[in-house]
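First comes the structure, then the notes that go with it.
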Amino acid sequence: MTNLNVQLPGLNLKNPIMPASGCFGFGKEYSQLYDLSALGAIMIKATTVETRLGNPTPRVAETASGMLNAIGLQNPGLQKVLGEELPRLEQYDVPIIANVAGTTTEDYVEVAKAISESPNVHALEINISCPNVKQGGITFGTDPDIARELTRAVKDVSSVPVYIKLSPNVTDIVSIAKAVEEGGADGITMINTLLGMRLDAKTGRPVIANITGGLSGPAVKPVALRMVYEVRKQTDLPIIGMGGVADVKDVIDFLSAGANAVAVGTANFVNPFVCPEIIGQLPERLHELGYESIEELVGRSHRL
Amino acid sequence: MTNLNVQLPGLNLKNPIMPASGCFGFGKEYSQLYDLSALGAIMIKATTVETRLGNPTPRVAETASGMLNAIGLQNPGLQKVLGEELPRLEQYDVPIIANVAGTTTEDYVEVAKAISESPNVHALEINISCPNVKQGGITFGTDPDIARELTRAVKDVSSVPVYIKLSPNVTDIVSIAKAVEEGGADGITMINTLLGMRLDAKTGRPVIANITGGLSGPAVKPVALRMVYEVRKQTDLPIIGMGGVADVKDVIDFLSAGANAVAVGTANFVNPFVCPEIIGQLPERLHELGYESIEELVGRSHRL
Amino acid sequence: MIKQERMVVTNQQEIAHHIFELTVQGELTGEMKAPGQFVHVRVADSFEPLLRRPISVASIDFESNQFTMIYRAEGRGTTLLSEKKAGDTVDILGPLGNGFPVEQAKQKAYLIGGGIGVPPLYELAKELNAKGIETVHILGFESKGAVFYEDKFRALGDTHIATVDGSHGTQGFVTHILNELPKDFDTYYSCGPTPMLEAVQWAYPEKQGFLSYEQRMGCGIGACFACVCRTTKSETDYIKVCSDGPVFPAGVVIS
Amino acid sequence: MIKQERMVVTNQQEIAHHIFELTVQGELTGEMKAPGQFVHVRVADSFEPLLRRPISVASIDFESNQFTMIYRAEGRGTTLLSEKKAGDTVDILGPLGNGFPVEQAKQKAYLIGGGIGVPPLYELAKELNAKGIETVHILGFESKGAVFYEDKFRALGDTHIATVDGSHGTQGFVTHILNELPKDFDTYYSCGPTPMLEAVQWAYPEKQGFLSYEQRMGCGIGACFACVCRTTKSETDYIKVCSDGPVFPAGVVIS
Ligand SMILES: Cc1cc2nc3c(=O)[nH]c(=O)nc-3n(C[C@H](O)[C@H](O)[C@H](O)COP(=O)(O)OP(=O)(O)OC[C@H]3O[C@@H](n4cnc5c(N)ncnc54)[C@H](O)[C@@H]3O)c2cc1C
Ligand SMILES: Cc1cc2nc3c(=O)[nH]c(=O)nc-3n(C[C@H](O)[C@H](O)[C@H](O)COP(=O)(O)OP(=O)(O)OC[C@H]3O[C@@H](n4cnc5c(N)ncnc54)[C@H](O)[C@@H]3O)c2cc1C
Ligand SMILES: Cc1cc2nc3c(=O)[nH]c(=O)nc-3n(C[C@H](O)[C@H](O)[C@H](O)COP(=O)(O)O)c2cc1C
Ligand SMILES: Cc1cc2nc3c(=O)[nH]c(=O)nc-3n(C[C@H](O)[C@H](O)[C@H](O)COP(=O)(O)O)c2cc1C
Ligand code: FES
Ligand code: FES
């Protein structure tokens with residue numbers, strides 16, 4: 001019997017597959033399509049203290065094997081997430097990873113403290129890597145010292161384990177990973193989007209109203225995989241890997257490179273059933289490769 | 001009459017299109033396919049002091065809308081390039097941009113000095129961004145201070161204008177651009193490849209013998225375009241833009257974002273005639289867009 | 001219920017310049033609730049192009065489990081879609097969104113469409129007529145070559161055509177025709193480019209109207225927040241075109 | 001001369017398990033110089049998959065301007081290629097590289113192939129026979145289901161088949177057969193997986209031999225340095241499989 005179970009700080013996952021933050025809302029829409037209890041976990045949309053309307057539209061643009069987005073952390077705000085979205089998710093047997101965003105350290109602390117007390121929130125994912133907001137977001141994720149301090153501050157108040165979401169838009173992602181480890185992070189999630197741009201062919205105007213956007217989808221997978229591999233070489237922190245995952249083979253790649261679990265973002269838009277489909281295919285795929293559990297497979301690329 | 005002419009330091013280009021370094025060898029192979037005099041310029045393969053055999057194979061791997069390479073600067077060495085490759089290119093009416101690489105500042109200086117004296121070398125492209133060599137290469141390109149000093153050293157000895165080739169694997173490409181400007185660079189070429197990785201689906205082993213490789217091709221275009229746009233906002237240095245260019249629309253995009261000329265790399269492997277084809281299509285395309293010269297179009301995205 | 005189905009192409013033809021009529025068959029058809037709903041079409045099995053394309057349902061045949069889309073092959077995705085032939089399959093997600101409220105019309109309705117906003121009005125016209133509502137169709141196109149379904153609309157009611165270059169019907173925009181027409185209708189329905197929707201709202205401030213909006217989409221089902229618009233309700237209120245719309249009552253959406 | 005041509009598919013069929021025979025027509029055919037040359041095939045008009053696929057020429061018909069490739073549909077690119085039908089076109093770059101030197105054989109040649117290394121040996125066998133050289137064919141496959149062209153090779157000369165699982169011919173590798181055969185030939189030609197090429201060189205150190213190598217390729221024409229191998233000549237010497245090869249005399253390439 002193939003064992004898909006994965007144990008991570010705060011998270012007892014039936015399987016290693018979860019939708020990535022921002023690509024699954026608060027689960028409501030996808031719950032019309034399939035039973036969310038099938039998922040390993042759910043990473044909900046970034047939550048900020050106040051309601052945010054996000055950026056002007058257009059907010060998405062297609063690129064070769066990828067897409068750009070500049071949603072700008074639109075979300076109903078902490079109170080609505082606590083009062084409506086999280087309670088609605090309680091009906092499913094699935095741990096929630098709450099994605100926390102903000103402009104100042106105080107914002108992060110406020111959201112982290114409150115949201116970590118929700119019964120079904122089993123871990124936090126601290127979004128220090130959103131490229132689409134003018135303040136906060138990515139600046140926290142590109143300087144090791146700031147990242148370390150923010151991690152400390154959030155750890156101090158959180159009642160559940162804290163995962164830090166790393167930005168790929170850095171010279172040395174390992175130094176950021178090390179810094180958040182020093183700050184007390186329980187795990188890392190990576191990668192957020194690569195900063196990119198598309199122009200309208202006729203006018204030369206940026207297609208995305210925010211001018212630049214975050215690149216995601218299959219195009220970024222080689223970069224994401226390389227970063228997971230590098231970070232795994234230098235730390236034992238659990239890693240939830242993501243970036244361009246679209247099928248079961250991609251999942252195997254991330255696990256091989258050292259991720260302990262895998263999130264699926266953009267691919268949900270292409271195939272809304274992609275997560276349960278991958279979960280269904282994992283046992284056979286593991287078996288074909290000669291493994292009996294996810295944990296056996298994790299990091300195999302480092303053991304060759 | 002549409003004017004494709006572009007004037008850049010050291011370079012009087014018939015048109016803004018040139019093959020990117022490493023994707024065109026020293027021109028010999030492509031000269032069997034078409035007359036190299038049609039090109040705006042040619043960026044030849046990186047040259048180092050000594051003969052280099054480069055990395056073990058496999059050296060390339062395909063990714064979604066892109067490819068990884070880890071050639072590792074294989075080249076016949078300075079003496080052969082001076083004695084054989086450059087003289088052979090003299091028969092064509094096309095300026096050569098010599099790509100210079102090395103492990104130490106002294107290496108760069110030695111190659112730059114000697115190669116800049118070749119009659120058909122009209123500019124140097126200093127490769128401080130090769131991700132595929134263990135020493136030198138990218139380290140020069142990720143630290144502004146080191147980049148500034150290397151630029152100075154090369155400028156001191158070069159008898160032709162010096163363009164610095166920037167790495168995209170940095171937190172803040174503008175700071176590197178500014179640094180090389182301070183160092184006296186005459187121009188910038190960007191971007192080199194993004195560091196990435198592919199794993200074999202069966203074994204989990206990295207497909208590229210060097211483990212990681214440089215990502216190029218259409219997949220990286222959004223990142224390249226964003227970086228050109230950002231750098232153009234902050235400097236007046238001429239920019240030769242590249243990264244995923246595969247057709248005339250891509251060329252228009254890079255010019256719009258602020259590049260003064262455009263290099264085509266990976267697309268040569270897909271369509272060896274891509275450069276002359278684009279050059280042939282440029283006049284009509286400019287006309288459709290309502291421009292009469294390349295120079296009019298350059299940077300239009302910043303003027304909207 | 002929203003389904004994802006590999007539907008079978010039963011017919012595809014170019015019915016005007018770069019305008020294709022594509023009919024597909026499958027169970028998803030049975031889920032359709034109202035004219036004006038749309039589907040999200042995966043144009044290739046590859047991840048390039050990556051995103052689905054939103055296309056409106058232009059007519060439904062519940063009996064044969066088929067529905068028809070009409071679209072302009074312009075960019076990369078729609079061009080690929082136009083290469084599908086009868087017998088091929090297409091991955092379709094739908095039906096999505098809320099359509100035009102047919103029950104809101106009382107006696108006479110104006111259906112005002114522009115370009116590729118015209119298609120959903122055809123199923124709407126059919127359904128309104130089936131309920132005994134008189135429909136008048138005011139349709140705008142670029143030029144004569146881009147006009148489609150004129151006869152089909154005529155068969156259902158009074159039909160006026162405008163072309164930008166005057167090569168067919170009235171020269172100019174649909175608003176030029178609206179100015180000439182009586183205001184003896186109770187409800188209007190409109191679909192087309194946003195400036196046209198604006199103009200139509202301006203033309204009939206006192207009438208009940210329903211407008212179908214467009215936005216760039218990611219998921220198409222309400223999860224990604226790509227397709228939002230603010231509303232006139234409050235500073236912080238917004239709608240998602242994909243799941244709250246694409247059809248909204250006049251006066252709601254700030255475009 | 002190397003040409004890039006949109007060639008017309010005249011025939012495609014699956015001739016063994018996942019093994020396809022693809023025949024195309026066009027002027028590029030006329031440029032072919034020797035068996036063992038290859039072409040670089042663009043499997044889709046999209047940039048996904050991006051790179052061309054190197055495929056050997058398996059037989060040439062100069063009269064009708066057609067040539068045939070035989071390939072295993074395994075990865076993404078070759079699977080897409082296998083979906084092409086007669087009448088479709090394929091973008092082909094070639095002919096590339098240098099083939100087998102037919103003129104080097106004197107009286108009798110051994111042609112030793114493994115798996116998808118077998119195809120180029122067929123054109124080679126034809127040309128050798130046309131010059132009056134006796135050819136013996138030793139061909140290895142995974143299993144019976146993967147065997148192709150056995151009869152065609154038999155028609156040209158003595159033919160021995162090995163399968164790894166023993167489901168057809170001798171069980172094991174081609175080397176098992178080589179051990180049983182007399183060494184009464186002057187020249188051998190071989191194409192297949194690198195370990196097989198190594199084994200063949202070991203088996204006949206005293207014979208003149210020519211081996212066709214494989215490497216991952218970028219450009220396919222010698223410009224990108226993706227496909228290099230070191231040689232026995234010196235520490236700093238190397239060859240490019242695409243433009244210096246893919247065929248090299250035995251003893252030259254360090255694999
Ligand atoms: C609810 C809705 C219903 C629609 N119904 C129809 C219809 O019935 N017939 C029809 O021809 N068109 C319709 N459209 C517009 C259609 O979706 C676009 O023309 C199409 O997506 C363009 O794709 P492409 O491959 O041609 O262009 P590309 O330039 O390759 O598209 C690139 C990206 O931009 C998006 N995009 C480009 N233009 C639009 C647009 N106008 N609206 C939304 N996204 C866009 C694409 O979906 C894709 O993600 C509808 C749009 C919406 C939102
Ligand atoms: C000179 C030469 C001649 C060849 N002749 C034949 C032939 O006649 N019949 C045949 O079936 N195969 C032949 N091959 C092997 C063939 O090129 C690969 O099987 C094919 O490229 C795999 O592509 P894919 O889309 O199936 O695999 P994918 O896994 O999608 O390929 C990914 C990338 O790896 C490359 N690649 C994968 N396997 C190989 C390989 N073995 N050699 C080189 N590149 C590879 C692909 O070209 C592509 O760039 C030849 C290879 C070379 C170098
Ligand atoms: C539309 C969209 C919205 C996103 N919103 C968030 C977000 O709110 N918080 C966050 O941490 N990441 C967000 N992301 C990033 C994804 O969670 C993920 O890190 C990234 O897209 C890479 O994975 P993918 O290639 O599978 O999409 C968003 C991505 C997309 C495409
Ligand atoms: C096979 C290969 C070899 C390359 N070699 C070099 C090199 O020697 N020097 C260099 O500066 N850049 C080199 N590059 C980078 C390209 O010049 C270019 O910057 C990059 O590939 C992005 O452009 P593209 O997407 O059009 O290929 C190489 C790229 C490829 C694909
Ligand atoms: S397209 Fe995703 S919310 Fe509307
Ligand atoms: S494949 Fe480019 S040199 Fe051989």
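- Rounding to the nearest 0.5 Å gives a distance of 14.5 Å between CZ of D:F225 and OG1 of B:T57.
- The number of heavy-atom neighbours closer than 6.0 Å to NZ of B:K28, taken from other residues, nucleotides and ligands shown, is 12 or below.
- The greatest number of non-hydrogen atom pairs below 4.5 Å with chain B, out of D:C224, D:C227, D:G220, is found for D:C224.
- In terms of heavy-atom pairs under 4.5 Å with chain B, the best-connected choice from D:T236, D:D91, D:V228 is D:V228.
- When all heavy atoms of B:P272 and D:Q4 are compared, the closest pair comes out as CD-OE1, 3.4 Å.
- Counting heavy atoms of neighbouring residues, nucleotides and ligands inside a 6.0 Å radius, atom NZ of D:K144 does not exceed 12 of them.
- Considering D:R216, D:R53, D:R52 as possible partners of B:E62, the one that fulfils the salt bridge (charged side-chain N to carboxylate O under 4.0 Å, His left out) test is D:R53.
- Neither the backbone nor the side chain of D:R76 has a heavy atom closer than 4.5 Å to any heavy atom of chain B.
- Comparing B:R59, B:M67, B:K45 by how many heavy-atom pairs each has under 4.5 Å with chain D, the most go to B:R59.
- Applying the 6.0 Å contact sphere to NE2 of D:H168 captures more than 12 heavy atoms from other residues, nucleotides or ligands.
- The number of heavy-atom neighbours closer than 6.0 Å to CD of D:E142, taken from other residues, nucleotides and ligands shown, is 12 or below.
- Listed here is the closest heavy atom pair of D:L50 and B:V270: O-CG2, 3.4 Å.
- Residue D:R42 holds its CZ atom at 14.0 Å from CZ of B:F269, rounded to the nearest 0.5 Å.
- When each of B:N271, B:T266, B:N75, B:V207 is scored by its heavy-atom pairs under 4.5 Å with chain D, the top score falls to B:N271.
- When heavy atoms are compared at a cutoff of 4.5 Å, D:L93 approaches chain B solely by way of its side chain, counted from C-beta outward.
- Around CZ of D:F173, the count of heavy atoms belonging to other residues, nucleotides or ligands within 6.0 Å does not exceed 12.
- To the nearest 0.5 angstrom, D:F47 atom CZ is 6.0 Å from B:D247 atom CG.
- The main-chain N or O of D:M1 is never found under 3.5 Å from a side-chain atom of B:Q32 such that the two would form a donor-acceptor pair.
- Contacts with chain B were tallied for D:G77, D:A226, D:G218, D:G75; D:A226 has the most, counting heavy-atom pairs under 4.5 Å.
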